[in-house]
Number of protein chains: 2
Amino acid sequence: MGKLREPLSELATCGLPSALEVMGERWSFLILRAAFNGLVHFEEFSSELGIARNILSNRLSRLVENGVMRRSPCEHDRRKIEYRLTEKGHDLLPAMLALRQWGEKYGENVSPELVLVDAEKGQPISPISIHAADGRELGWHDLAWKARDEVGKDGKGEGC
Amino acid sequence: MGKLREPLSELATCGLPSALEVMGERWSFLILRAAFNGLVHFEEFSSELGIARNILSNRLSRLVENGVMRRSPCEHDRRKIEYRLTEKGHDLLPAMLALRQWGEKYGENVSPELVLVDAEKGQPISPISIHAADGRELGWHDLAWKARDEVGKDGKGEGC
DNA sequence: GAAAAGGGTTGCGAAACAAAACTCATAAAT
DNA sequence: ATTTATGAGTTTTGTTTCGCAACCCTTTTC
């Protein structure tokens, strides 16, 4: 450990603040989860989540603004509106599952009856984790920082 | 798609709300990132993050309460206190990286100079994603729910 | 044409957040 | 030994955000 001191101010420009700006507010992740589970209408989100209507309205707008969801009026019933995940929204699935798995591992009274499985084989998915390009699983101490413009030169960094 | 309607109320008991209760407040994830980068002292977090002192104090307390960080007085300088990640805290790394990668993929002006690499080979880590037990990469449509007490029986679910 | 459903907006009190000043214990400097 | 500085907080005082209830407007249903 150590050796990670100098890059710190540099790290301020990493993707995390940017991600949190979009998904960091209360409810955003729960709305996302509901969307993954097939909910599309305002009233569905409202009654599933028990969130206040003005906040829900605000969050949906923000998610749409940020390209995570798409808002489209319903054809056959023009009172209704559909909120659906975009590609960008679908790309949040790993982050959401990682968070969720962590919550399940450590949460107090969390032992869900239902489990996510690989639909083809019926086996539970494996815990989300970090992998090297060649597939080896990595922990924090197996990682190092490297300047973007010189990846793939030496080897044997000293990890953290 | 479809077929995910009935489990919904059941899903309320998944790990996500529990995870968000611990990590869902403003700053929690950024404090975590700073901790991963080796910061340990109150003043370090304070000056790195630019967060108000009372909020930082509150967040650190909460993270300690929830077992994400450990608080220990410094031996050789008893003014100082060290905040370090616990095992539980380290286990948040995949979630944090997934979020971060998403932010880097879609964020406006985010193209960090430094990149996380596999320390051994010097190659960038692969994007965090979802894998079946046998290693196949999975998307949302390859997933299905299954009752916990009967995993590993049929196969060929219809995905979502 | 009245009632209900869907998707919001408005107004207001409660809670969370932020900025600055203040405390208190320890450590360093003189 | 006294002063000064540091580290880690608390307190005080505003400012946003949240949450609830009520209201509004449009489209459907009866």
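Note that these values count all heavy atoms, side chains included, but never hydrogens, waters or copies made by symmetry. A note on names: the letters A, B, ... follow the listed sequences, proteins ahead of strands, and every chain is numbered from 1.
- Side-chain nitrogen and oxygen atoms of B:R71 include at least one within less than 4.0 Å of the OP1 or OP2 phosphate oxygen of D:dG9.
- The two residues B:V110 and A:S18 make their nearest non-hydrogen contact at CG2-CB, 3.9 Å.
- You'll find the side chain of B:P17 reaches within 4.5 Å of the side chain of A:L30, heavy atoms only.
- For A:E65, there are no side-chain hydrogen bond (donor to acceptor under 3.5 Å, both in side chains) partners, not counting sequence neighbours.
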For nucleotides 18-30 of chain D, 5' to 3', base contacts (B), sugar-phosphate-only contacts (S) and non-contacts (-) with protein non-hydrogen atoms under 4.0 Å give SBB------BS--
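- Atom CZ of B:F29 and atom CE of A:M23 lie 11.0 Å apart (nearest 0.5 Å).
- Side chains of B:I31 and B:L39 form no contact here, defined as non-hydrogen atoms less than 4.5 Å apart.
- Taking the six-membered ring where the residue is Trp, B:H141 and A:H90 present tilted rings, their angle falling between 30° and 60°.
- In summary, contact between chain B and DNA chain C, defined as any nucleotide atom under 4.0 Å from a heavy atom of the protein, begins and ends at C:dC17 to C:dA27 in the 5' to 3' direction.
- Here the side chains of A:L116 and B:W145 are in contact, with some heavy-atom distance below 4.5 Å.
- In this structure, A:Y83 reaches the sugar-phosphate backbone alone: every heavy-atom distance under 4.0 Å involves primed, P, OP1 or OP2 atoms, never a base.
- Sorted by first and then second residue, the salt bridge (Lys or Arg N to Asp or Glu O under 4.0 Å) pairs with a member in residues 68-78 of chain B read B:D77-B:R79; sequence neighbours excluded.
- Between B:L56 atom CG and D:dG7 atom C1' the separation is 12 Å, expressed in whole Å.
- Among all heavy-atom pairs drawn from A:F36 and B:W140, the shortest one is O-CZ2, 2.9 Å.
- Looking at residues 60-67 of chain A, you'll see that no heavy atom sits under 4.0 Å from any atom of DNA chain C.
- Counting only residues at least two apart or on different chains, the ring pair (Phe, Tyr, Trp, His ring centres under 6.0 Å) pairs with a member in residues 115-137 of chain B are A:H131-B:H131.
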